[in-house]
Chemist: 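If you scroll down you'll find the structure; I have some questions about it.
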Amino acid sequence: MQPDGQDQDLLSLYQSIILDHGKSPRNTGRVERHDCSSEGRNPLCGDRVTVTAALDESDILTDLKFDAKGCAISIASASMMTEAAKGLTTDEVQRISDAVRILCIEKFSGEDINGFLGETLSARLESLRALSGVRQFPTRAKCALLPWQTLMACIQGNSTASTER
Ligand code: ZN
């Protein structure tokens, strides 16, 4: 099926967001005074992501950085993740992470996800919607989800994460 004009516009917008983050990733490096650190691997593609994060006493993610060697999707996803997750509580990060998984793997509409997240978190998800393009490519979905799995491992106190269990 040929996408209609509107879908085509959305797809090219999504592609340009991913290209932009892939070329000039935000928040790279390590948080010097971090509370957790985790290294994630996606053996299928060879992506590696290290996430470091700082949390305050109310479990708010006050700082978040990543170091990555991998494909453009994994790097773009990690970059968008750092922008989306900073300033959120660990519970909110978990909910966004679940929503990204839904976007990348399952066939939910945008409205379903907004209902699931509520208004404030939905706004955070805006640029992350660009990742939904990977849905057609299950191996690419693992690239997009790796940074989120690594961040959740970091928050939960696990020093490693893998897309393959
Ligand atoms: Zn990859």
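Just so it is clear, the values below take in all heavy atoms, side chains as well, and ignore hydrogens, waters and symmetry mates. In listed order, ligands and their atoms are each counted from 1.
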Chemist: So, Asp67 and Thr50: side-chain donor and acceptor under 3.5 Å apart, yes or no?
Modeler: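 Absent: no donor and acceptor within the cut-off.
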Chemist: State, with a plain yes or no, whether a side-chain heavy atom of Leu61 is found less than 4.5 Å away from one of Asp56.
Modeler: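 Sidechains of Asp56 and Leu61: no contact.
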Chemist: Who passes side chain to side chain contact (heavy atoms under 4.5 Å, CB included) against Ala76, sequence neighbours left out?
Modeler: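 Ala76 satisfies side chain to side chain contact (heavy atoms under 4.5 Å, CB included) with Ile18, His21, Met80 only.
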Chemist: When hydrophobic residues are tied together by side-chain contacts of less than 4.5 Å, even through go-betweens, does Val31 share a cluster with Ile75?
Modeler: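 No, Val31 and Ile75 fall in different hydrophobic clusters.
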Chemist: Checking side-chain contact (heavy atoms from CB on, under 4.5 Å) against Leu103, which of Leu125, Val134, Leu131, Asp98 comes through?
Modeler: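 With Leu103 as partner, side-chain contact (heavy atoms from CB on, under 4.5 Å) holds for just one option, Leu125.
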Chemist: Tally every protein N/O/S atom whose distance to the Zn ion (ligand 1) is less than 2.8 Å; waters are neither shown nor counted.
Modeler: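 Protein heteroatoms (N, O, S) closer than 2.8 Å to the Zn ion (ligand 1) number 5.
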Chemist: Do Lys86 and Asn27 have side-chain heavy atoms sitting under 4.5 Å apart?
Modeler: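 Lys86 reaches Asn27 side chain to side chain.
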